[in-house]
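First up is the structure itself, then whatever we jot down about it.
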Protein chains: 2
Amino acid sequence: MASPMYRQIAEGLRDEIESGVLEPGQQLPTESDLQDRYSASRNTVREAIRMLMSLGLVETRPGQGTFVTKKMDPFVTTLVADPRTGDSDTYNFQVSEQKRKPSLSDVQLEMQKADAQLAARLGVREGSRVISRHQERFIDDTPWSLQTSFYPRSLAEQGAELLADDDDIAGGAVKYLAQTLGLQQVGYRDLITVRAPNAAEVTFFNLPPDGRVAVYEIVRTAYDQTGTAMRVTVTVYPTDRNEFTVEIGAVPNDLSQPGKGDPSS
Amino acid sequence: MASPMYRQIAEGLRDEIESGVLEPGQQLPTESDLQDRYSASRNTVREAIRMLMSLGLVETRPGQGTFVTKKMDPFVTTLVADPRTGDSDTYNFQVSEQKRKPSLSDVQLEMQKADAQLAARLGVREGSRVISRHQERFIDDTPWSLQTSFYPRSLAEQGAELLADDDDIAGGAVKYLAQTLGLQQVGYRDLITVRAPNAAEVTFFNLPPDGRVAVYEIVRTAYDQTGTAMRVTVTVYPTDRNEFTVEIGAVPNDLSQPGKGDPSS
DNA sequence: AACGATTTGTTCGTATGTATC
DNA sequence: TGATACATACGAACAAATCGT
């Protein structure tokens with residue numbers, strides 16, 4: 001009598017799923033069926049299913065039924081690159097290598113005041129103005145990530161006017177800054193966190209509104225040859241369709257394609 | 001009238017939380033209060049709170065109330081290191097740098113059959129035996145990560161007997177393999193994914209059983225000078241108290257300590 | 001296009017259990 | 001011990017989405 005009824009039901013179904021009795025994509029018994037099978041009320045059965053949903057094991061479709069989750073094949077982003085590159089070019093390259101069609105929205109440009117955290121990262125005073133360049137990124141027409149790059153406004157004032165311009169920067173911002181201001185990107189730091197999506201992210205990525213799918217937030221701070229932060233880029237990815245790799249030193253080419261995810265033993 | 005009542009209630013409370021009217025750690029109105037405030041039934045109010053919980057904004061404590069979540073300050077793990085190191089030593093070093101006390105469980109050693117995925121990564125035949133060395137890792141006596149390293153059994157047969165031994169390997173396994181077999185770790189690849197915790201992880205990390213706190217799974221495949229995989233390490237961390245960084249090229253020391261997380265603007 | 005059957009979604013009422021103070 | 005607050009469980013009704021006739 002230790003654990004409540006709804007959890008016992010969830011355990012039972014969970015076992016069936018993880019043992020493969022119920023395969024990915026397959027429909028679970030209806031709530032009505034489960035009521036009979038476990039002699040529990042509908043609400044209790046629903047409680048069990050809700051738990052499985054929260055665990056990412058099943059998904060419900062109104063009017064249809066409840067189904068074992070089929071994991072979509074992830075897109076893998078590589079976080080390292082040669083220190084001298086690591087710009088937006090990298091994005092297109094990575095995507096095309098995996099034979100998917102990337103696309104980008106227009107740049108949405110804003111002047112914003114830096115909050116405490118951003119100011120610290122960018123090495124500017126809190127409350128000072130920064131250039132914010134925001135883009136939506138898609139792969140095969142499904143929303144894949146939201147990216148915002150921040151630059152100190154001083155960069156535009158010193159001659160890199162295109163930064164404060166609403167257009168795409170041909171060849172990438174890193175190259176542009178090298179050409180106009182002589183700024184070399186000599187290194188960067190990525191900070192990887194995971195959190196629940198906010199309302200805008202739920203809308204853009206088409207995520208379930210209850211936050212059961214989290215998002216990665218990757219903050220990349222890039223430094224120039226003087227050790228000064230020249231850019232901070234924040235990119236948000238849903239965790240359900242993204243993975244990341246880091247490669248250090250001599251690493252053979254990736255042959256271990258994740259496969260179908262089928263345990264085809 | 002578009003969205004259901006429970007979501008409107010959740011929206012209202014969410015606004016109060018995100019605008020700071022309700023501060024982290026503060027108690028929300030009781031379910032009874034919220035019934036009156038929104039003239040909804042208790043179940044509907046609970047539905048709203050459940051959504052906020054799923055979003056990680058609040059937590060409930062039986063007999064006490066519902067409280068705005070206070071983010072615990074994260075432990076930051078750096079994924080890069082010099083290619084020649086990157087062993088368990090790194091772990092102790094990183095932890096002590098942040099002035100926390102690390103501790104490790106005994107090594108739990110097993111011989112296992114490699115499943116398809118592990119076999120591909122480790123470059124062995126599926127179903128062949130591998131050495132599995134499992135450890136629980138704590139920081140300040142709270143469970144922090146679960147780590148399992150896999151080695152081809154051939155390594156132990158070729159002279160690295162300690163791998164198949166139940167003891168800690170003084171100085172780290174990488175150094176040991178270099179000394180006994182001349183294997184140099186020349187590089188590694190990390191694969192970062194996020195998923196719901198399994199039952200064992202829920203227990204060890206003391207996570208809510210409904211899976212609303214996800215875990216990172218970091219798979220590190222290390223290669224020797226011949227381009228052969230010499231080790232695969234799988235480490236699992238709860239997302240609610242861990243962050244990761246990757247540093248490439250010349251990067252100044254990290255001064256941007258994440259602070260208390262307080263928006264003390 | 002219309003309708004009915006099926007299935008999940010939302011909301012209410014009520015009762016009882018368990019944890020905390 | 002009692003009061004308070006959240007957790008579990010049942011029953012019921014109607015709404016909304018989906019599918020087939």
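Below, read A as the first sequence line, B as the second, and so on, with proteins coming before strands; counting in each chain starts at 1. Please read these numbers as outputs of a predicted model, since none were measured by experiment.
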Specify the separation, in whole Å, of atom [atom1] of [X] and atom [atom2] of [N].
X: B/Glu47; N: C/dT8; atom1: CD; atom2: C1'; answer: 13 Å
X: B/Asp210; N: D/dA7; atom1: CG; atom2: P; answer: 11 Å
X: B/Leu34; N: D/dA5; atom1: CG; atom2: P; answer: 11 Å
X: B/Gln27; N: C/dT20; atom1: CD; atom2: C1'; answer: 12 Å
X: A/Glu59; N: D/dT18; atom1: CD; atom2: P; answer: 13 Å
X: A/Arg50; N: D/dT8; atom1: CZ; atom2: C1'; answer: 13 Å
X: A/Asn43; N: C/dT11; atom1: CG; atom2: P; answer: 13 Å
X: B/Tyr38; N: C/dT10; atom1: OH; atom2: C1'; answer: 18 Å

Checklist line | side-chain N/O A/Arg61 vs C/dT8 OP1/OP2, d < 4.0 Å | finding: no

Next item on the list: Please determine if a side-chain N or O atom of B/Thr30 lies less than 4.0 Å away from the OP1 or OP2 oxygen of D/dT4.
Entry: no

Margin query: Looking at B/Arg37 and B/Glu16, is there a salt bridge between them, counting it only when a charged N and a carboxylate O are closer than 4.0 Å?
Written below: yes

Check every atom of [options] against the side chain of [X] and return the nucleotide holding the closest atom.
X: B/Pro4; options: D/dA7, C/dT11, C/dT14; answer: C/dT11
X: A/Thr44; options: C/dT11, D/dT18, D/dC10; answer: D/dC10
X: A/Tyr6; options: C/dG9, D/dT8, C/dA19; answer: D/dT8
X: B/Ser41; options: D/dA9, D/dG11, C/dC12; answer: C/dC12
X: B/Glu31; options: D/dA7, D/dT8, C/dG9; answer: D/dA7

Notebook entry, point to check: Heavy atoms under 4.0 Å, any strand shown: does B/Ser32 hit a base, just sugar-phosphate, or nothing?
Noted result: nothing

Item checked: Heavy atoms of other groups near A/Asp106 CG, more than 12 under 6.0 Å -> no

Next item on the list: Heavy atoms only: give me the nearest A/Ala10-A/Met51 pair and the separation to one decimal.
Entry: CB-SD, 4.3 Å

Margin query: For a quick test of reading the model, state the closest non-hydrogen atom pair linking B/Tyr237 to B/Arg137 and the distance between them.
Written below: OH-NH2, 3.2 Å

Notebook entry, point to check: Which sits closer to the 5' end of DNA chain D, B/Gly63 or A/Ala40, going by the nucleotide each is nearest to?
Noted result: B/Gly63

Checklist line | Which residue lies more 5' along DNA chain D, comparing A/Gln35 with A/Gln64 via nearest heavy atoms | finding: A/Gln35

Next item on the list: Classify the side chain of A/Arg42 versus the base of D/dA9 as yes if they form a donor-acceptor pair under 3.5 Å and no if they do not.
Entry: no

Next item on the list: Please find out if less than 6.0 Å separates the ring center of B/Phe138 from that of B/Phe204.
Entry: yes

